[in-house]
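Everything numeric here is computed off the predicted structure, so don't read it as measured data. FYI, side chains are in, hydrogens and waters are out, and symmetry mates aren't considered; it's all heavy atoms of this structure. Lettering follows sequence order; numbering is per chain, from 1.
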Number of protein chains: 2
Amino acid sequence: MMRRLDTPALYIFTADETVFHRIREMGALADGRWNAQRLVRPIELDNLPVGSLVMVDIAHPQRPEWSDSRWRTWAGHLSIIALSSQPQDDEGIAAMDVGAAGYCHAYANEATLRQVVEVVSSGELWVGRSLLTRLLKGVNHNVNENAGQGTAARIATSPTQAWRALLTERELEVATMAAQGASNLGIAEVLGITERTVKAHLTSIFDKLDVADRLQLALKVHGVK
Amino acid sequence: MMRRLDTPALYIFTADETVFHRIREMGALADGRWNAQRLVRPIELDNLPVGSLVMVDIAHPQRPEWSDSRWRTWAGHLSIIALSSQPQDDEGIAAMDVGAAGYCHAYANEATLRQVVEVVSSGELWVGRSLLTRLLKGVNHNVNENAGQGTAARIATSPTQAWRALLTERELEVATMAAQGASNLGIAEVLGITERTVKAHLTSIFDKLDVADRLQLALKVHGVK
DNA sequence: CGGCGCATCGTACCCAGGTACAGGTAGGGT
DNA sequence: ACCCTACCTGTACCTGGGTACGATGCGCCG
């Protein structure tokens with residue numbers, strides 16, 4: 001009713017239908033109420049009301065290069081959230097560096113996306129755990145960059161690795177191979193066991209990690225979902 | 001996905017009555033519902049349930065030095081939010097460096113505090129605008145330590161998005177959805193077309209990207225392979 | 001000792017995903 | 001006119017992946 005007046009407009013600059021619809025649907029839901037509007041051309045960014053919240057899909061073919069001066073112009077009067085379908089620290093830094101107020105996965109889950117929107121619209125900045133962790137490390141020049149693992153007490157176990165703790169040694173082998181795209185038979189041959197056993201392990205893995213199939217498993221293993 | 005939403009306990013380690021009561025009151029309110037419990041001695045941090053959310057007032061007289069090993073121990077199984085009544089970038093860095101998941105003003109307003117709690121409890125990290133801005137600046141001045149080579153304009157270009165150019169607009173939509181784990185029928189419904197058509201698109205996609213199935217597609221899309 | 005987790009394997013069954021072989025329309029370029 | 005591409009759809013078929021309902025042996029622990 002009256003409530004609609006304070007529904008904030010959320011502009012989404014993307015060439016990807018899916019991205020737009022996904023985010024718009026979220027905004028249409030009960031609680032997270034924002035009103036998503038799509039932008040398809042860069043020019044449209046120029047005349048938005050001051051203070052507008054704009055998501056910019058950096059996979060858009062017409063997205064300006066980072067060196068483009070338009071970025072800073074926009075950032076001057078807009079709150080920009082950069083969306084990436086393959087977030088990388090370097091890319092995030094580049095985006096934030098030209099004035100973006102947020103940088104996150106274009107297909108982040110609803111809770112995360114809502115959080116990003118809230119944080120940014122409240123005037124704060126947002127970057128994901130990975131990037132922030134790296135930024136913090138960067139300052140401390142002398143942090144041992146042991147790629148190999150084994151040290152128990154790292155900075156709070158990465159959430160994307162949490163699933164590992166749930167699996168047995170054998171299951172871990174099977175899970176990683178399956179997540180790499182290996183077939184059941186292929187895994188069986190490598191491990192020297194029957195395909196049936198591989199299936200058994202996978203069933204257990206799916207159950208423990210609460211996923212439906214090997215694709216969902218792969219997404220979880222690789223930190224996509 | 002059965003996620004438990006029961007009463008999130010929020011432990012607050014502080015010697016300051018005001019800080020505790022302020023935050024507890026916020027938690028008692030309608031929406032932000034957390035159950036604040038006070039801790040007064042450092043020892044009490046040791047036996048908290050794994051994953052607990054703990055705010056640590058760094059003005060507490062018995063607060064361990066940053067060099068104290070207890071910090072990392074706690075950070076290993078707790079989510080720690082460091083509270084400062086006079087936030088400073090250096091202090092924030094120190095706190096995050098010993099494993100804190102958040103750093104904010106002890107007297108931050110309700111909205112902010114709630115946001116910090118939500119962000120941290122969802123597994124992300126939180127630092128304020130000031131600190132984050134500084135971290136981002138810091139990176140630009142001395143970019144080196146990282147990938148081992150090219151300090152040059154390694155930034156902007158995302159590595160493997162070449163495949164996008166090979167696909168038509170429609171195929172791109174289907175590909176991204178499939179790579180996110182969507183089923184053929186699900187994709188069909190979203191796009192308003194037949195499952196058969198989705199299959200047709202996928203066949204074309206597989207052919208163009210030289211992959212065998214949707215799992216391989218997902219790996220390619222997400223830059224795994 | 002009995003129970004439990006873990007790893008291994010068998011047979012039978014269902015079905016989403018993918019292929020093969022067919023088309024159809026619309027638009028743009030030569 | 002003709003061809004090519006993008007996009008759409010239908011029927012039929014096969015197979016790998018996943019499940020259901022079992023089984024065996026082993027090591028650990030109260």
**Q** Is the ring pair A/Phe13/A/His60 parallel, tilted or perpendicular, if the boundaries are 30 and 60 degrees?
**A** parallel

**Q** Given D/dT19, C/dC6, C/dG18, identify the nucleotide with an atom nearest to the side chain of A/Lys208.
**A** C/dC6

**Q** The side chain of B/Lys199 lies closest to which of these nucleotides: D/dG17, C/dC6, C/dG18?
**A** C/dG18

**Q** Could you check if a side-chain atom of A/Leu83 sits within less than 4.5 angstrom of a side-chain atom of A/Ile23, using non-hydrogen atoms only?
**A** yes

**Q** For B/Leu191 and D/dC7, give me the distance from atom CG to atom P, rounded to whole Å.
**A** 11 Å

**Q** Grab the CZ-P distance between A/Arg214 and D/dT19 for me, whole Å please.
**A** 11 Å

**Q** Hey, which of these two, A/Ser183 or A/Arg196, hits DNA chain D nearer its 5' end, going by closest nucleotide?
**A** A/Ser183

**Q** How many whole angstroms separate atom CD of A/Glu195 from atom P of C/dA7?
**A** 19 Å

**Q** With a 4.5 Å heavy-atom cut-off, do B/Gln216 and B/Asp213 have their side chains touching?
**A** yes

**Q** Separation of A/Arg170 atom CZ from D/dC26 atom P, in whole Å?
**A** 17 Å

**Q** Which residue, B/Leu45, B/Asp68, B/Val98, forms the side chain to side chain contact (heavy atoms under 4.5 Å, CB included) with B/Trp74?
**A** B/Leu45

**Q** Of the candidate nucleotides C/dT8, C/dG18, D/dT19, which contains the atom at the shortest distance from the side chain of A/Ala200?
**A** C/dT8

**Q** Can a side chain N or O of B/Thr194 be found less than 4.0 Å away from OP1 or OP2 on D/dG10?
**A** yes

**Q** Is a side-chain donor or acceptor of B/Lys220 paired with a backbone partner of B/Leu209 at a separation under 3.5 angstrom?
**A** yes

**Q** Please tell me which of A/Leu185 and B/Glu169 maps to the more 5' nucleotide of DNA chain D, matching each residue to the nucleotide holding its nearest heavy atom.
**A** B/Glu169

**Q** Rounded to whole angstrom units, what separation is found between the CD1 atom of B/Ile193 and the P atom of D/dA6?
**A** 15 Å

**Q** Within this structure, what is the NE2-to-P distance between A/His201 and D/dG17, rounded to whole angstrom?
**A** 16 Å

**Q** Could you check how far CD1 of A/Ile187 sits from C1' of D/dG18, rounded to whole Å?
**A** 13 Å

**Q** Below the 4.0 Å mark, does C/dT19 have OP1 or OP2 next to a side-chain nitrogen or oxygen of B/Thr203?
**A** yes

**Q** Less than 4.0 angstrom between a side-chain N/O of B/Asn184 and OP1 or OP2 of C/dG17, yes or no?
**A** yes

**Q** Ignoring backbone atoms, establish whether B/Thr168 has a side-chain N or O less than 4.0 Å from OP1 or OP2 of D/dA6.
**A** no

**Q** If I take atom CD1 in residue B/Ile205 and atom C1' in nucleotide C/dG17, what distance separates them, rounded to the nearest angstrom?
**A** 14 Å

**Q** Checking all strands, does B/Thr197 fall into the base, sugar-phosphate, or nothing category for heavy-atom contacts under 4.0 angstrom?
**A** base

